Amino acid sequence: AILRKHNIKAFSMHDVDKYGIGRVVEMALDHVNKDRVLPIHMSFDVDALDPSVAPATGTPVRGGLTFREGHYICEAVAETGCLVALDLVEVNPALGDPESLRQTVAVGCSLIRCSLGERSTNTAVKLISGDGFSFIIDKEVAEQSPTLKNMLDTSRGGIDSDVAFAEALTNQIQLPEIRGRTLEKVCQYLFYKYRFVDEGASDRVPEFDFEIEMSLELLMAADYLDC
């Protein structure tokens, strides 16, 4: 009633579902700053994000903005060149467990950086074995495993999702059940699959070699990673 009384333009998740976040942001900017010449103060309430994306907040409601939708808003406002002030509110350290708080703070910091013009160029993923060895590979290579791809999916967190993986925010994945020696061979296989995925049964595809004594551990890793 207050919005209608004062002719305040507002968009709901229904509008986001109907038009897409890009069109909704464009319509909002056109309403308040058609020529993109006026200064903009953006106030971002993390309650607008789905609680699977930002759980440590006061009034979490399922069906909120996804990780990417929230970031698109910040990116689009930054691209106008008109942003002069920004506040990000409703991150509540008193709510949720330590991991929920860490995830929410990480998302909040990422939103602020995007509002200031940062674009993600980091496509590296760190895989960490159960015995503490780390392997850094390209994200497209890691995504040859459907399991890893799902964990790295930043679009998770919409109305049909109950879980948003913290790995999507950090690009780091702990694999406690896989030893370093085995994970190294897994990384080699993921690159092999990425390199030759379009070759099919071509004679140009070489054999993927591995030590016979690693067979059982590799089979278990392959089953978990679905590759």
Side-chain angles (χ1 to χ4, degrees), residues 49-56 62-64 66-71 96-107 109-110 119-227:
L49 298 169
D50 191 88
S52 58
V53 179
R62 286 190 64 190
T66 67
F67 178 91
R68 271 304 307 154
E69 287 169 342
H71 280 71
D97 53 42
E99 178 57 28
S100 295
L101 175 58
R102 187 206 65 77
Q103 178 179 331
T104 306
V105 169
V107 169
C109 291
S110 183
R119 294 293 180 273
S120 177
T121 57
N122 181 18
T123 61
V125 175
K126 179 186 285 188
L127 305 180
I128 306 172
S129 69
D131 47 355
F133 290 93
S134 298
F135 303 89
I136 298 176
I137 60 176
D138 188 272
K139 186 175 181 180
E140 289 188 1
V141 174
E143 288 178 344
Q144 297 304 306
S145 157
T147 301
L148 298 181
K149 182 176 183 178
N150 191 40
M151 297 172 77
L152 294 167
D153 184 4
T154 57
S155 69
R156 291 174 61 88
I159 193 168
D160 296 322
S161 175
D162 293 318
V163 178
F165 292 117
E167 289 84 353
L169 306 179
T170 63
N171 276 1
Q172 293 189 27
I173 299 178
Q174 298 275 352
L175 297 166
E177 303 301 321
I178 303 179
R179 294 193 306 163
R181 182 167 176 255
T182 304
L183 186 55
E184 180 180 21
K185 186 60 69 172
V186 167
C187 291
Q188 292 173 4
Y189 175 74
L190 290 174
F191 182 79
Y192 168 88
K193 186 177 180 182
Y194 173 76
R195 169 65 179 82
F196 297 108
V197 67
D198 295 324
E199 298 291 343
S202 170
D203 293 338
R204 292 177 295 177
V205 179
E207 292 288 333
F208 181 77
D209 296 323
F210 59 91
E211 295 82 355
I212 191 66
E213 61 269 19
M214 297 182 66
S215 298
L216 181 58
E217 286 193 47
L218 285 173
L219 282 172
M220 294 173 64
D223 181 64
Y224 174 68
L225 297 173
D226 195 17
C227 62

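Nothing fancy with the numbering, it's 1 onward along the sequence. Predicted, not measured: the structure shown is a model, and the values here were computed from it.
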May I have the step-by-step check of salt bridge (Lys or Arg N to Asp or Glu O under 4.0 Å) for Glu184 and Arg181, ending in yes or no?
-> CA-CA 5 Å; Glu184 180 180 21; Arg181 182 167 176 255; over 6 Å; no
Evaluation steps, side chain to side chain contact (heavy atoms under 4.5 Å, CB included), between Ser215 and Phe210 = CA-CA 8 Å; Ser215 298; Phe210 59 91; 3.6 Å; yes
Show the numbers, then the answer: is there a side-chain hydrogen bond (donor to acceptor under 3.5 Å, both in side chains) between Tyr194 and Glu140?
-> CA-CA 8 Å; Tyr194 173 76; Glu140 289 188 1; 3.0 Å; yes
Assess whether side chain to side chain contact (heavy atoms under 4.5 Å, CB included) is satisfied between Cys187 and Leu127, documenting all intermediate values.
-> CA-CA 9 Å; Cys187 291; Leu127 305 180; 3.8 Å; yes
Hey, mind stepping through Asp138 and Val125 against side chain to side chain contact (heavy atoms under 4.5 Å, CB included) and telling me if it holds?
-> CA-CA 6 Å; Asp138 188 272; Val125 175; over 6 Å; no
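Taking CD of Glu167 as the start and CE of Met151 as the end, the distance is 3.5 Å to the nearest 0.5 Å. Atom CD of Glu143 sits about 9.0 Å away from atom CG of Leu148, to the nearest 0.5 Å. Atom-to-atom distance recorded for Arg179:CZ and Phe133:CZ is 10.0 Å, nearest 0.5 angstrom. To the nearest 0.5 angstrom, Leu152 atom CG is 11.0 Å from Thr147 atom OG1. A distance of 4.5 Å separates CD1 in Ile178 from CG in Leu225, rounded to the nearest 0.5 Å. If you take NZ on Lys185 and CG on Asp209, they are separated by 7.5 Å, rounding to the nearest 0.5 Å.
The 12-atom threshold is not exceeded at CD of Glu177, counting heavy atoms of other residues, nucleotides or ligands nearer than 6.0 Å. Atom CE of Met214 is surrounded by more than 12 heavy atoms from other residues, nucleotides or ligands within 6.0 Å.
What you find for Phe135 and Gly180 is that their closest heavy atoms are CZ-O, 3.3 Å. Ala56 and Thr104 make their closest contact through N-OG1, 2.9 Å (heavy atoms, listed as atom of the first residue, atom of the second, distance). Closest approach of Val53 and Phe67 over heavy atoms only: CG2-N, 3.8 Å. Here the shortest heavy-atom pairing between Cys227 and Tyr189 reads O-CE2, 3.2 Å. Gly64 and Asp50 get closest at one heavy-atom pair: N-OD1, 3.3 Å. Among all heavy-atom pairs drawn from Gln103 and Ala54, the shortest one is NE2-N, 4.5 Å.
At a threshold of 4.5 Å between non-hydrogen side-chain atoms, the residues Ile128 and Ile173 do not count as touching. Looking at Thr66 and Glu69, their side chains come closer than 4.5 Å, going by heavy atoms from C-beta outward.
The aromatic rings of Phe208 and Tyr192 lie tilted to each other, with the angle between the two planes from 30° to 60°.
Tested against Ser129 for a side chain to side chain contact (heavy atoms under 4.5 Å, CB included), the candidates Leu183, Val186, Thr182, Leu175 yield a single pass: Leu183.
The backbone N or O of Gln144 sits less than 3.5 Å from a side-chain atom of Lys193, completing a donor-acceptor pair.
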